[in-house]
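Here's the structure we're looking at; comments come further down.
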Amino acid sequence: MIANKPIYITDANCVTPLGFDIETNWKALVKGDSGIQFQEQYGNLTSIYASIIDSDKLNESFLKVSNDSTFSKLEKMLILALYPVVSKNKITEKSVLILSTTKGNISALENQDAPIEDAQLSTLVKKINTFFGFKTEPIIVSNACVSGVLAVSTAKRMIQFGAYDNAFIIAGDEISEFVLSGFNSFQAMSNLPCTPYDASRNGVTLGEASAAVFVTTKKPSHNAVAIIGDGAVNDANHISGPSRTGDGLHKSIESAFKEANIEKSKLDYISAHGTATLYNDEMEAIAFSRSNIDNVAVNSLKGYYGHTLGASGLLEIVIALQSVYNQELLASKGYSNSGVSIPIDVLKENRKQEITYFLKTASGFGGCNTAILFEKIN
Amino acid sequence: MTTNYHISNYCKIENNSLQVNGTTVLEMKDVLFPEFIKNASKAIELEYPKFFKMDNLSKLAFLGAEAILKNNINLDIENNIALVFANKASSLDTDVKYQESISDKENYFPSPAVFVYTLPNICVGEISIKNQLKTENAFFVFDDFKAEFMSDYTSYLLESGKAEKVLCGWVEFYKNDYKAFVYLVEKSGTTAHNKEVIQTLYNK
């Protein structure tokens, strides 16, 4: 049976081009720094923008936690993100590791002699599970670009159902020619750093990152947020195009509010998906309007990190927590003039603001959407 | 854990055989998957041109779902049937094909029609679109079939009121090795919904 016990996120971390811990990332974001850089050449692709983690710096940092050089770049990113979270929270018999990723070690396919197991998501998660000594079998959420948010929903749902006491969630995806060429073939890539919700936007900029959080039923004494409602509803419209009506996202948001049982007017902030494709950002504005939350401060963090796919949802939750704790909302980088048909309050500048309730949303290929409501505690 | 929910229908596709609720609907010998699944679509009287544009994983998942839903869904009303699917190989079968299209600089032809299927949850989107299921959906990856996880997540959706029914599926496809086990969980029915029963039906 479901016990409607409160579920909290009490610890968080991330590894991005802007830094390998949460403090460094937050300082860089407040200054307005972006990880997006011009890349002259990436495989067969030339003159693109992407947000890429420096491998030398990553290797150097990784040496502080392990001298095992057999880990892939993505595995190092994931382990580095989770390491401080595990050192502060004990893994028990009823702890579970949840991994959010879309493509995992997909670049392993570039070596045609490598066994297919090298590219399997279950191989990747097993390595992380073993590294940290988890005692239960891990769960992988691979639901396109909502994976990072859905992983938090999954943790909350399974803990409320009584399957686990707590969950360590990691999310990560790396830049690869596989993904770059794919988005490029869709003509979905921006020729300049992406500008979510802006009139000039013309596509995504891709990025790589990892993030980690600890989800538990134990109410902490320090800064934390409670997960108070969630929904993950499909558009049933198109496998690669966002819905024109925002149906799935709207229904996901309604499901989260219904469960949380709070007034829409109490919402302080929306950490949205904002990929900077024409149709995604428009769809989000429509869905927010249909849910009567179009007057709430909103941003997309894609201008700082690019679209980090399976990492993005969790990374953006991790940063939103910093906004809550520091009482400061971040400007939606790249935004100056509205390019969506319904006015929404996209943050043009950093704004000092107290936040009690915030909403995280994401949408992705396959018509998927996820929305989670959080409440600040303490 | 006992619940008031039941497995009302199930479907299995493996070894060139399609079974619905334990009855063999189609069995073929010495054919590859594309030929088999085409015949299976005829056997369940599927008329859906988009089916032939799908990749192998989506065809497998879609057919397993249709074999059950065609008799259990009224498309004139809103159906709150959630979709919870999982497998081991993710979308690797199509991933390998897509990688081949970009590995040769002289013969470089990345295609959006192939790339879109390099996500495992696309098959869930295909089922949602056909049946207009604007409902809870998720795709998970495990080393092998996890009856307990499927049972717990499904029970959560039902007991929390986020879904009225749940269509669950294990849909594994990699290089002509395939297995689909799809089942519908709802209030009515006689087969109990618990991990032991799910595991037994999966193994059978």
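Sequence lines set the chain letters: A, B, ... in the order given, protein chains first and strands last, and positions in each chain run from 1.
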Does Asn234(A) reach the main-chain N or O of Ser128(B) with its side chain, forming a donor-acceptor pair under 3.5 Å? no
Are more than 12 heavy atoms, taken from residues, nucleotides or ligands other than Gln41(A), located less than 6.0 Å from that residue's CD atom? yes
To the nearest 0.5 Å, what is the distance between NZ on Lys146(B) and CD1 on Ile139(A)? 10.0 Å
Mark yes when over 12 heavy atoms from residues, nucleotides or ligands other than Glu137(A) sit less than 6.0 Å from its CD; otherwise mark no. no
For Leu150(A) and Ala138(B), work out which heavy atoms get closest and say how close. CD2-CB, 3.9 Å
Name the orientation class of the two ring planes belonging to Phe115(B) and Phe183(A) (parallel below 30°, tilted from 30 to 60°, perpendicular beyond 60°). perpendicular
For Gln132(B) and Ala236(A), which heavy atoms make the closest approach, and how far apart are they? NE2-O, 2.9 Å
Just by modelled atom types, is the Val233(A) backbone N or O under 3.5 Å from a matching donor or acceptor in the Glu136(B) side chain? no
Per-residue tally against chain B (heavy atom, under 4.5 Å) across Ser147(A), Gly367(A), Gly366(A) peaks at Gly366(A)
Side chain to side chain contact (heavy atoms under 4.5 Å, CB included) assessment of Thr118(B) paired with Phe178(A): CA-CA 10 Å; Thr118(B) 63; Phe178(A) 187 103; 3.7 Å; yes
Evaluate the side-chain proximity of Phe149(B) to Met158(A): yes if any heavy-atom separation is below 4.5 Å, no if none is. yes
Counting only N and O atoms by type, is there a donor-acceptor contact under 3.5 Å from the side chain of Lys162(B) to the main-chain atoms of Asp230(A)? yes
Tell me whether the count of non-hydrogen atoms from other residues, nucleotides or ligands lying under 6.0 Å of OH in Tyr279(A) goes above 12. no
Chain A contacts: which residues in residues 79-110 of chain B have a non-hydrogen atom closer than 4.5 Å to it? Lys88(B), Ser90(B), Ser91(B), Leu92(B), Asp95(B), Val96(B), Tyr98(B), Gln99(B), Ile102(B), Ser103(B), Lys105(B), Tyr108(B), Pro110(B)
Count the heavy-atom pairs under 4.5 Å between each of Ser240(A), Gly364(A), Ala144(A) and chain B, then report the option with the highest count. Ala144(A)
Heavy-atom neighbours of Lys175(B) NZ exceed 12 at 6.0 Å: no
Below 4.5 Å, heavy atoms only, C-beta onward: do Phe142(B) and Ser122(A) meet side chain to side chain? no
Report the option among Gln112(A), Gln187(A), Lys258(A), Gln120(A) that has the most heavy-atom pairs separated by less than 4.5 Å from atoms of chain B. Gln120(A)
Would you compute the distance between atom OG of Ser142(A) and atom CZ of Phe140(B) and round it to the nearest 0.5 angstrom? 10.5 Å
So which of Val125(A), Thr102(A), Asp235(A), Thr154(A) has the largest heavy-atom pair count under 4.5 angstrom toward chain B? Thr154(A)
Whether Lys103(A) side chain and Leu119(B) backbone form a donor-acceptor pair below 3.5 Å: no
Counting only heavy atoms not in Glu196(B), do more than 12 fall under 6.0 Å of its CD? yes
Under a 4.0 Å threshold between the charged nitrogen and the carboxylate oxygen, would Arg157(A) count as salt-bridged to Glu159(B)? no
Does a sphere of radius 6.0 Å around NZ in Lys5(A) hold more than 12 heavy atoms from other residues, nucleotides or ligands, not counting ones at 6.0 Å or beyond? yes
Please check if the number of heavy atoms outside Lys94(A) that lie under 6.0 Å from its NZ is greater than 12. yes
Considering only heavy atoms and a distance below 4.5 Å, find which of Asn237(A), Ile116(A), Ile106(A), Leu121(A) pairs most often with chain B. Ile116(A)
Max heavy-atom pairs within cutoff under 4.5 Å with chain A, candidates Val141(B), Asn131(B), Val114(B), goes to Val141(B)
Rounded distance (nearest 0.5 Å) linking atom CG of Asp152(B) with atom OH of Tyr164(A): 7.5 Å
Name the option with the most non-hydrogen atom pairs under 4.5 Å to chain A; the candidates are Ile122(B), Val124(B), Ile129(B). Ile129(B)
Are more than 12 heavy atoms from other residues, nucleotides or ligands located less than 6.0 Å from atom NZ of Lys70(B)? yes
